[in-house]
Structure formats: structure tokens, C-alpha cells
K.L.:
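Attaching a single structure in C-alpha cells format; questions to follow.
These figures come from a predicted structure and were not determined experimentally. In what follows, chains carry the letters A, B, and so on, assigned in the order in which the sequence lines appear, proteins first and then strands, with residues in each chain numbered from 1.
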Number of protein chains: 2
Amino acid sequence: MESSAHRILLVDDEPDVLEFIGYNLKKSGYQVYTTQNGRDAIEKAKEVNPHLILLDVMMPEMDGIETCEEIRKNEQLHNTIIAFLTARGEDYSQIAGFEAGGDDYITKPIKPRVLSSRIKALLKRYKEKVKDQGEDETIIKKADLTIDKEKYLVQKGDKDLVLPKKEFELLLLLISKPDKVFTREEIFSRVWGEDVVVGDRTIDVHIRKLREKIGGEHIKTVKGVGYKYVE
Amino acid sequence: MESSAHRILLVDDEPDVLEFIGYNLKKSGYQVYTTQNGRDAIEKAKEVNPHLILLDVMMPEMDGIETCEEIRKNEQLHNTIIAFLTARGEDYSQIAGFEAGGDDYITKPIKPRVLSSRIKALLKRYKEKVKDQGEDETIIKKADLTIDKEKYLVQKGDKDLVLPKKEFELLLLLISKPDKVFTREEIFSRVWGEDVVVGDRTIDVHIRKLREKIGGEHIKTVKGVGYKYVE
DNA sequence: ACTTAGGCTTAAGGCTTGGTTAAGGAAAAT
DNA sequence: ATTTTCCTTAACCAAGCCTTAAGCCTAAGT
């Protein structure tokens, strides 16, 4: 029973808080882990792969923001939901929190009832997040194309193609939802990342190379909107 | 591009504030509408159905709280996020604000960077709110028409039509409220954006092309007023 | 019947947007 | 250190969407 419950990692430097919140979470049926600082938190997170991390912002040595950024760097923990705990009135940290990749923000003092419903909502979101990416499948087949995420390999018919990273990821994105039009913005943010800035023509060039390799009929342009993959 | 961006309605009695914040929001890619008092705000809100309303608390005649309560009475605007703008230190108004149905509370003076990340978070919340209720549908069906926002595709009967961007968005707008008459102003503001200026005949031409493609019987002209979609 | 207001139609150009190519720099492989 | 591959940029080109302009049509008012 325990192992099927949701795992929550609780991080705060004050033992009283750990005690109090931890007790309430356990009572609600969660599997609770605790640490008292950021560094241990990262270790523990890698170890137990929690569904949700509750992270105090104000901690000595390594604060919550920093810890969050560190956690976000870990591929394995990509789906983990992170929520910050903070004292009322620290507006500033809220902003930093979202920028660091946090998903929510809970102000202390914490009322158990509030916390519990908030966490329920967060875990619901977790499920959706995971479902959206859905197919963790390493192999995708579409028409005459076979894509192997793990091996970074694409087969067209019976020919093997080796695509460079950017081209591969672009293809993967488009093919993940056939017929859906991806805007340039979407493509940038999913393939290049939020804060990388590259010129407008960069996508075109990659699209062109893809068309060259997998056949132009599959990738269609919707002018003024974006690109899509069709069978 | 315009109509697919998030719409923000900004309400403040000081033109300077409208100018400053408005400029920054536009730069961040939002579609911005402004009014200088509560009564106009309610009108504008009904018209453009914004995702987010930024509402100054201190305004002559009808203050932000009152405006908020009024807006909350409107069923159509039930999903709209409302955030208050207020000078630091007016703590009492914060409580009143939440009681009136506000979702957040932003203190002036406003730093652009702070505002932008705050708004990003708010709009994220909007999406969840809407998704929970299952709105924001990507597929709309009306009579013999099927419109797929995601695929940017219109099906009439069993024929696939690919509409250019402006035509597509125009159709989307009209069909979003069948039988409602959209004035030319409304259409300009929602499809072209607030600050784009184009001649009067432009809409006619697009309407004509739409009629040509989806059948003239669906789109009716109401002389002197505007256009509407009927079954 | 004439006038006028408002919308319809058409075609032509401008202008936005995407395609193409080549070249230079960065990164990785040898 | 050298070579090769990959990514990005820039310049130019092509396509077609968007807008405009001008004349036509219809309905309503004079």
C-alpha cells in the first residue's frame, strides 16, 4: 500500500515545520520523505524520485530557488512537481520561484486543510503532465518512418538515416502530434528552449534539411502560422 | 497571430500608467486593450472577452472593487482572471479585493520584469481553470462545418479546406457565438488587433472569400451593424 | 425618380512570409 | 592540431496573402 501512494519530499530547515507538515501529510496517506537542506534534498530526490517536492524558500546555505534550479537540471526528475513554501509577503521570491521552474507557491503559515486540497490539485496536474507526454515509447512508427528515440535513429523505408540533434528533435516534435500545426514560437520553445535566441530563418533551414531527408510531402507549411507533419 | 495571443484588458484612470504598462505588455506579445474607468471596462470586457483583466483599485466614480463585482456577475466572463493594481500600503483593499472575486493583487510601482512573470503565472492558471471545465475546445462543430484550431483545418461536408490565416480567424470569431452580430470594430479588434489600422473594405473582402468557400448562406450581413454566423 | 449610405465585387500591387543557398563559426570527432 | 559535421546567419528570391481602390449594386429616404 505504501509504495503505491504518492511520494512527497518535504524540505525545510526548521524541524518543527517538518514535524508538523510531515505529520499531516502522512495522515492524508502520502509517503513522506524529509530533508533539512537543499543538498540533501537533491540526493534524496534522485533516490526516491518523488511525485512532488515541497521546498522552503528561506534556507541557510542553499536556498529553495537554487535547489529548484538544480533539480530541474536532472532529466530523471523532469516530471516532478515542485512547490515552494514561503512566508507571506515575500513577493519577490515568488517571481524568482516561477522562473526557476517552480509549479506552485504556498504561503506559510499553512493550514492543514488548505495544504491537503492544494496538494491534491498538484498531483492531479502531475498525472496530466505525464499523460501529455504520454508515449514514453522509445520507438515511434508513422507510415514509412521509424524513429528510435534512444538510438537517435530514423529509418525511412529500409534506409537508415542519422539526423543531427536539432533536426531529430524537430522531427520528433512535429511527429508527436500529426496534423497539429506547431507555431514557430512553440517550436523554438520546445526544441531550442525558452531563453535561446536565434534568427527567424533558422527554423526554415532545418525544415528544409528534414524535407530533403525524409521527403518533402510529409512536412507542410501553414503560412503565417507554422508547420505540421502529415502522412 | 493577433487573435491567438492572450488578451489583456488594462484599466486605470491615469493615462501615464496605461501607456507604460500597456507598452510593456505589448512588447511581451499580448493583445492589449485599455480603458480609463470601470464602466467602460465592463463594456470592453463583454466585447473582447479578455483572458486577464488588470484593474486599478483607486479610480474616481466606480472603483476597482465595484467594477470587479460587476464583472463577476457576468456569466460570459466567469473564467476571466482579475488582478488588482494598487499602491503599496493599502492593505485593507487587498482583503476587499479577494472578497470581490479577484484572483491576484499587484502593487505599484510596477517593475516590468516582475509584471511579466506574474502575468505568465496567472495565464498559466487560466489555462488550468479552463481545461478543468473542458472548454477551450480545439474542435468546433456547427452544422456541416468542422473547425479544428489545432490543425488549422476546416471541413465542409467531407471536403477539407485550408483557409489563410485571416480568413480562418475571422470564421473562428463569428462561429464562436452563432447569431451574435459582430460589429466591424469588434472584428478589427479581435482579428487584426487594437493598433493595426486598415481600410474599411478589408473586412468585406475577407467575408466575401469566406462566403465563397464555406457557402454564403451561413454568413449574414446586418446593414449598418456588422456580420453574424447563422446555421 | 433621384440621392445616398452601406455593402459587394474585382483585380492589381505591395508586402509579409517562407524557401533557398552559401559561407563562417562552433563543436565534435579524428 | 586538423578535419569534419553541425548550427546559425545573411542575402536574395518566390509565392501568395492582405490590402487598396474603384466602380457597381441594393435598399431606404427624400
K.L.:
What string of B, S and - do you get for nucleotides 20-30 of chain C, 5' to 3', if B is base contact, S is sugar-phosphate-only contact and - is no contact with any protein heavy atom under 4.0 Å?
P.N.:
BB---------

K.L.:
Could you run down nucleotides 25-30 of chain D 5' to 3' and tag each one B, S or - for protein heavy-atom contact under 4.0 Å?
P.N.:
-B----

K.L.:
Could you state the NZ-C1' distance from B/K166 to D/dG16, rounded to the nearest angstrom?
P.N.:
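Rounding to the nearest Å, NZ of B/K166 and C1' of D/dG16 are 14 Å apart.
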
K.L.:
Which value, rounded to the nearest 0.5 Å, describes the distance between B/H51 atom NE2 and B/I8 atom CD1?
P.N.:
9.5 Å

K.L.:
With no hydrogens and no angle check, just 3.5 Å: does a side-chain donor-acceptor pair link A/T221 and A/R211?
P.N.:
yes

K.L.:
Between B/R208 and B/E212, does at least one N-O distance fall below 4.0 Å, as a salt bridge requires?
P.N.:
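Looking at B/R208 and B/E212, the cut-off is met.
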
K.L.:
Quick one: A/R184 CZ to C/dT17 P, roughly how many Å, whole number?
P.N.:
9 Å

K.L.:
Considering the options B/L10, B/L52, B/N24, B/L123, which one meets the side-chain contact (heavy atoms from CB on, under 4.5 Å) requirement together with B/Y30?
P.N.:
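Single pass found, and it is B/L123.
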
K.L.:
Specify the separation, in whole Å, of atom NZ of B/K165 and atom P of C/dT16.
P.N.:
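B/K165 atom NZ is separated from C/dT16 atom P by 13 Å.
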
K.L.:
For A/F182, does the six-membered ring have the charged nitrogen or CZ of A/K180 within the cation-pi criterion, i.e. under 6.0 angstrom from the centroid and within 45° of the normal?
P.N.:
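A/K180 over A/F182 ring: yes.
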
K.L.:
Report the distance from atom CD1 of B/I203 to atom C1' of C/dG7, rounded to the nearest whole Å.
P.N.:
12 Å

K.L.:
Could you tell me whether B/D204 and B/R184 have a side-chain N and a carboxylate O separated by less than 4.0 Å?
P.N.:
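B/R184 and B/D204: salt-bridged.
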
K.L.:
For the residue pair A/Q36 and A/D13, confirm or rule out a side-chain donor-acceptor distance under 3.5 Å.
P.N.:
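Not at all, the side chains of A/Q36 and A/D13 share no donor-acceptor pair under 3.5 Å.
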
K.L.:
Could you tell me how far apart B/W192 (CH2) and C/dT16 (C1') are, to the nearest whole angstrom?
P.N.:
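Roughly 15 Å, once rounded to whole Å.
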
K.L.:
To the nearest Å, how far apart are A/D200 CG and C/dC15 P?
P.N.:
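These atoms are roughly 19 Å apart.
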
K.L.:
Contact class for A/T221 vs. all strands (heavy atom < 4.0 Å): base, sugar-phosphate, or nothing?
P.N.:
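Result for A/T221 = sugar-phosphate.
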
K.L.:
Thinking salt bridges, do B/E150 and A/K177 make one under a 4.0 Å N-O criterion?
P.N.:
yes

K.L.:
Using a strict threshold of under 4.0 Å (side-chain N to carboxylate O), is an ion pair present between B/K213 and B/E167?
P.N.:
yes

K.L.:
Assign B/Y227 to base, sugar-phosphate, or nothing according to its heavy-atom contacts below 4.0 angstrom with the strands shown.
P.N.:
sugar-phosphate

K.L.:
Between C/dT9 atom C1' and B/H206 atom NE2, what is the distance in whole Å?
P.N.:
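The answer, rounded to whole Å, is 15 Å.
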
K.L.:
Roughly, in whole Å, what's the span from CZ in A/F168 to P in D/dC6?
P.N.:
14 Å

